[in-house]
Protein chains: 2
Amino acid sequence: MNKKSRDNSKSPLRMTRQRRVILDELRKVTSHPTADEIYNMVRRRLPGISLGTVYRNLEILSGNGMIQKIESSGSARRYDGNVKIHYHVRCVRCGRVDDLPLSTLPVLERAVRKGCGYEILGYSLEFVGICPNCGKLPKTKKERQDKNGTQRK
Amino acid sequence: MNKKSRDNSKSPLRMTRQRRVILDELRKVTSHPTADEIYNMVRRRLPGISLGTVYRNLEILSGNGMIQKIESSGSARRYDGNVKIHYHVRCVRCGRVDDLPLSTLPVLERAVRKGCGYEILGYSLEFVGICPNCGKLPKTKKERQDKNGTQRK
DNA sequence: TATATAAATAGGAGTAGTTACTGTTATGAA
DNA sequence: TTCATAACAGTAACTACTCCTATTTATATA
């Protein structure tokens with residue numbers, strides 16, 4: 001590396017067609033889609049895109065704070081084009097995720113930061129429940145099997 | 001079903017040897033092990049047990065509120081023999097999970113319950129950070145690649 | 001505008017964690 | 001003791017994701 005230094009310590013994000021379309025599609029919706037759903041949305045505009053590319057870009061975009069990664073309940077990861085801090089509710093039946101109007105809680109973070117030995121980077125707060133659609137349907141086989149219903153902290 | 005009704009709507013949990021040992025081992029530790037770790041703990045006492053049995057029982061025990069399932073940050077699910085409400089910190093590097101001394105927040109639940117359309121069942125609150133051990137080590141390849149560091153809500 | 005090069009791509013194989021299936025065994029109510 | 005059913009072991013299958021390689025592309029610089 002003897003040429004003019006390229007300063008790759010903070011090289012700007014290269015905006016490929018694929019990356020641009022992924023970001024664009026994600027910002028168009030408020031539905032918090034999974035990688036696979038995004039793959040299908042993007043494929044309508046870029047039929048040749050590969051699923052690996054979608055995963056890689058979602059990882060890079062969220063690593064750069066341009067989108068939000070919602071990884072919470074064992075089920076598939078979801079993504080959110082809205083990067084402002086806000087909270088989510090997830091339906092335990094269908095997995096759907098919605099936004100919650102709830103002010104942020106800096107007090108929480110402060111309470112934890114002192115004295116647990118960890119270097120706290122942040123927290124994830126997610127509510128679980130049953131969405132309006134699923135509330136009308138009968139219980140699933142799995143829910144009936146769980147004798148106490150879902151138990152969460 | 002014409003015999004004396006067996007009332008299977010709330011049939012008691014059958015306590016098999018496998019189930020008892022799983023519960024017992026889980027209650028002995030405070031380390032929030034994964035299914036695979038529990039499998040290895042239990043195998044020392046029941047060499048013939050199968051991984052499927054461990055998974056099934058962890059599912060049933062948590063469905064009955066006898067243990068807690070911690071499914072949070074994309075990585076493997078973990079389990080906790082302590083069912084009292086409490087919160088966790090997870091290390092983003094090694095995945096280790098520790099308990100947090102933090103009083104509960106009923107206020108949160110009340111705030112959400114009204115007016116989001118969901119039937120709220122509960123919430124999951126998890127802090128992420130870097131544990132004391134990992135804090136001493138250099139960054140991973142993946143962490144260096146993420147130009148902004150980890151971004152969480 | 002042309003060129004060099006690091007970054008990103010498609011396609012596909014590989015993996016971890018989990019679930020589902022099948023035939024067998026054990027539990028516990030009667 | 002009997003018997004229905006729940007739970008079992010063993011294993012195949014599945015889902016969500018990651019990693020690999022050869023090729024292409026975006027961008028900085030000349």
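Residue R19(A) is in sugar-phosphate contact alone, with no base atom involved, counting any heavy-atom pair closer than 4.0 Å across all strands shown.
Taking the side chain of R77(A) as heavy atoms from C-beta on, and the options dA8(C), dG28(C), dT18(D), the nearest nucleotide is dT18(D). Of all nucleotides listed (dA8(C), dA9(D), dA7(D)), dA8(C) comes nearest to the side chain of R56(A). Each of dA10(C), dG17(C), dA7(D) was ranked by its minimum atom distance to the side chain of A76(B); first place goes to dG17(C). The nucleotide whose nearest atom lies closest to any side-chain atom of A35(B) is, among dA10(C), dC8(D), dT18(C), dT18(C). Checking dA16(D), dT18(C), dA9(D) against the side-chain heavy atoms of Q18(B) singles out dA9(D) as nearest.
For the pair I60(B) CD1 and dT5(D) C1', the computed distance is 13 Å after rounding to whole Å. Across the protein-nucleic acid pair, I22(A) atom CD1 and dA8(C) atom P stand 12 Å apart, rounded to whole Å. Rounded to an integer number of Å, the gap from N40(B) CG to dG17(C) P is 12 Å. The CD atom of E59(A) sits 13 Å away from the P atom of dA8(C) (whole-angstrom rounding). Atoms CG (L51(A)) and C1' (dT9(C)) sit 14 Å apart, rounded to a whole Å. Between the CG atom of L13(B) and the C1' atom of dA29(C) there is a distance of 16 Å, given to the nearest Å. At whole-Å resolution of the value, NZ in K69(A) and P in dC17(D) are 10 Å apart. Look at CG on N57(A): it is 13 Å from P on dA26(D), rounded to the nearest Å.
The main-chain N or O of H86(A) is never found under 3.5 Å from a side-chain atom of H88(A) such that the two would form a donor-acceptor pair. Using a distance-only test at 3.5 Å, with no hydrogens or angles considered, no donor-acceptor pair links the side chain of T53(B) to the main chain of I49(B). Side-chain atoms of R78(A) come within 3.5 Å of backbone N or O of H32(A) as a donor-acceptor pair.
For dT9(C), the OP1/OP2 oxygens have a side-chain nitrogen or oxygen of T16(A) closer than 4.0 Å. OP1 or OP2 of dT18(D) has not a single side-chain nitrogen or oxygen of Y55(A) nearer than 4.0 Å.
For the pair R77(A) and Y79(A), the cation-pi criterion (under 6.0 Å, within 45° of the ring axis) is not fulfilled.
Place D36(B) and M15(B) on DNA chain C by their nearest nucleotides, and D36(B) ends up nearer the 5' end. A residue-by-residue look at G52(B) and I49(A) shows that I49(A) has its nearest nucleotide of DNA chain C further toward the 5' end.
Side-chain atoms of R14(B) stay outside donor-acceptor range of the base of dA7(D), with no qualifying N/O pair under 3.5 Å.
Distance check, rounded to the nearest 0.5 Å: CG of L23(A) to CD of Q18(A) gives 13.0 Å.
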